[in-house]
Amino acid sequence: MNDKLTRRQLIAGGLASLAAPAGGQTDRSTLFREVSLVDGTGAPPRPANVLVTGDRIARVTAPSRERVPSWARVVEGRGRVLTPGFIDLHTHGDPLKSPYDGFLAMGVTSITLGVDGSGPGTSEELDTADWRRAVSRAPLDTNVALLVGHGTIRHAAGIPDSVRRPDATQLQRLAAALEAEFRAGIFGLSYGLEYVPGIYTEAAEHRALGAVVARHDGVVMSHMRSEDDDAIEASIDELIASAGQARAHISHLKVVYGHGAARAQALLEFLAAKRRQGIDLTADEYPYEAGFTGIAILFPEWALPPTDYAAILRERRPELSDYLERRMTRRGGPGALLIGTGTHAGKTLAQVAQEAGRHYVDVLIDLGPEGAQGAHFTMDKALQDILLVDPHVAFSTDGGPGQRHPRGAGTYAKLIEDYVVRDSKLTLQDMIRKATSYPARILRLGDRGTIRPGAKADLLLFDPARVRARATYVDPFAKAEGFDLVMVNGRAAYANGSKVGRSGALLRAR
Ligand SMILES: [Zn+2]
């Protein structure tokens with residue numbers, strides 16, 4: 001195959017032809033010629049040629065010095081940037097059940113599952129080992145890095161949710177369950193301390209597990225006890241104590257009902273002071289002002305499972321009503337909750353109540369803590385944006401396929417479209433670093449997140465000015481546009497608006 005023919009074929013056949021292996025005298029190879037290279041380290045763009053052979057980057061050279069190998073497919077840069085694929089540090093869903101097309105379309109080449117204290121992939125029928133075996137054999141849209149949920153290993157160790165202080169034997173079983181997960185290749189432990197059973201658990205248990213995580217150089221990622229304005233610093237202190245010698249990471253950093261730039265600066269200074277003490281403390285964040293979670297988060301602990309909810313309604317309904325009304329008022333009222341599941345999906349709590357002619361608190365009580373999930377508009381953009389651009393805050397989606405929140409299909413495109421191109425709040429190279437090498441460092445993914453010889457070839461080719469996030473709260477699944485080629489492990493996965501291959505892999509920590 002000569003070079004001219006290859007180029008003509010590319011123009012005719014489009015980038016999708018990269019999905020098929022190129023036969024010939026060597027392993028399949030692709031030369032990205034005269035791209036603007038943003039290599040993930042934070043270095044500014046520079047002109048380069050990048051040669052991919054098999055699933056790895058073979059060479060990075062100055063364009064003028066490159067001889068085009070006769071057997072390589074050539075992709076012309078034409079002024080576009082080439083960056084590492086994005087690494088999402090906090091992802092929901094199950095690749096055995098749903099495709100991750102919306103993630104590929106916005107440049108995500110690796111996701112992190114097993115977050116918020118549960119999963120990955122566990123159900124009535126499957127334990128984590130069975131699920132992992134199935135995932136390792138399944139075709140995957142993206143690479144998958146795994147944490148294990150604290151609640152998941154608690155169940156595996158046979159500890160009932162109602163137990164607040166496991167005894168010595170139970171703690172041993174819990175530590176052994178976590179050890180087994182690390183031997184299977186997980187990257188760390190996740191907590192969900194606002195959810196059952198994490199909400200009931202205490203420091204001694206967390207410290208015992210932190211010691212196991214530290215031995216394996218893993219990370220402790222936490223959906224913390226509280227993200228409220230008046231409790232966030234205490235929650236961070238709890239996370240640091242629970243991690244012990246292990247690295248500590250704050251999931252989806254936010255200050256619920258906090259306001260303004262000064263509050264953001266104070267929190268960043270609090271985090272910086274911890275780092276000055278030698279604590280390896282990182283965080284991730286998504287660029288939206290609403291969270292998305294179960295409405296259980298609105299209810300008091302005494303009304304949550306395994307408590308008998310029907311008995312609570314008989315005995316403590318007025319008290320529950322007062323609690324919910326106070327909590328909803330603080331969180332912006334019933335207009336600030338957009339229900340995302342069940343028969344009310346797409347309506348705010350205020351709309352549902354008005355249509356039913358009832359008080360919104362009675363609607364909530366009827367739904368019950370496990371009755372719905374929704375988008376909670378409890379964040380201030382001015383505050384969150386200052387956290388978002390901090391160099392110690394990586395990006396994540398906190399999204400998943402089927403979740404009615406635009407973050408699962410829009411996050412990374414929105415970061416480029418709004419924060420880099422429109423508002424110049426981040427340079428392109430800083431945004432790319434926070435989406436690639438920085439999350440790779442947090443996970444200890446040694447061979448991903450930068451473009452350099454020997455690294456795995458997870459790559460994106462795009463023109464930043466043409467990137468569009470199209471997902472909204474009304475249409476949360478609209479795919480992002482503008483990523484011309486998304487390559488996963490050296491193969492085209494998404495090209496010119498279509499999925500063209502599934503070359504993701506289940507990743508193992510080492
Ligand atoms: Zn969470």
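Side chains included, hydrogens not; waters and symmetry mates left out as well; all remaining heavy atoms used. In what follows, residues are counted from 1 in the order of the sequence shown.
Annotation: cation-pi pair K414/Y419 absent, no NZ/CZ under 6.0 Å from the ring centroid and within 45° of its normal. Relative to the six-membered ring of Y494, K499 misses at least one condition, a distance below 6.0 Å or an angle of at most 45° to the axis.
Here the OG1-CG distance, from T397 to D88, works out to 3.5 Å after rounding to the nearest 0.5 Å. Note that the CZ atom of F86 and the NZ atom of K434 stand 13.0 Å from one another [nearest 0.5 Å]. For the atom pair L428 CG and I416 CD1, the distance stands at 6.5 Å (nearest 0.5 Å). Atom CG of L51 sits about 14.5 Å away from atom CZ of R56, to the nearest 0.5 Å. Here Q373 contributes atom CD and T341 contributes atom OG1; the two are 5.5 Å apart, rounded to the nearest 0.5 Å. Note that the CE atom of M379 and the CD atom of Q384 stand 5.5 Å from one another [nearest 0.5 Å].
Pairs passing the ring pair (Phe, Tyr, Trp, His ring centres under 6.0 Å) check and including a residue from residues 435-468, sequence neighbours excluded, read F462-F483.
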Verdict with supporting geometry, T109 and T142, side-chain hydrogen bond (donor to acceptor under 3.5 Å, both in side chains): CA-CA 5 Å; T109 57; T142 66; over 6 Å; no
Residues Y257, R330; criterion side-chain hydrogen bond (donor to acceptor under 3.5 Å, both in side chains); working and verdict
CA-CA 8 Å; Y257 40 74; R330 189 146 191 226; 3.3 Å; yes
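No hydrogens or angles considered: nothing links the side chains of T152 and S118 as a donor-acceptor pair under 3.5 Å. T128 and E181 form a side-chain donor-acceptor contact under 3.5 Å, judged by distance and modelled atom types alone. Inspection of the R407 and Y286 side chains reveals an N or O donor paired with an N or O acceptor under 3.5 Å. D475 and T472 share no side-chain donor-acceptor pair at under 3.5 Å. For the residue pair T41 / D39, a side-chain donor-acceptor distance below 3.5 Å is found, with atom types taken as modelled. The closest side-chain donor-acceptor pair between Y195 and D116, if any, does not fall under 3.5 angstrom. Looking only at atom types and distance, the side chain of T450 has a donor-acceptor partner in the side chain of R452 under 3.5 Å away. When only modelled atom types and interatomic distance are considered, D284 and H249 share a side-chain donor-acceptor pair under 3.5 Å.
Annotation: F377 is in aromatic contact with Y473 [ring centroid separation under 6.0 Å]. Aromatic ring centroids of F292 and H376 lie 6.0 Å or more apart. Checked against the 6.0 Å centroid threshold, H90 and H223 do not count as a close aromatic pair.
Using a 4.0 Å cut-off between charged nitrogen and carboxylate oxygen, R247 and D217 count as a salt-bridge pair. With respect to E481 and R466, no salt bridge is recorded, no charged nitrogen being found less than 4.0 Å from a carboxylate O.
More than 12 non-hydrogen atoms from other residues, nucleotides or ligands lie less than 6.0 angstrom from CD of Q265.
Of the candidates L388, I87, L89, L388 is the only one forming a side chain to side chain contact (heavy atoms under 4.5 Å, CB included) with F395.
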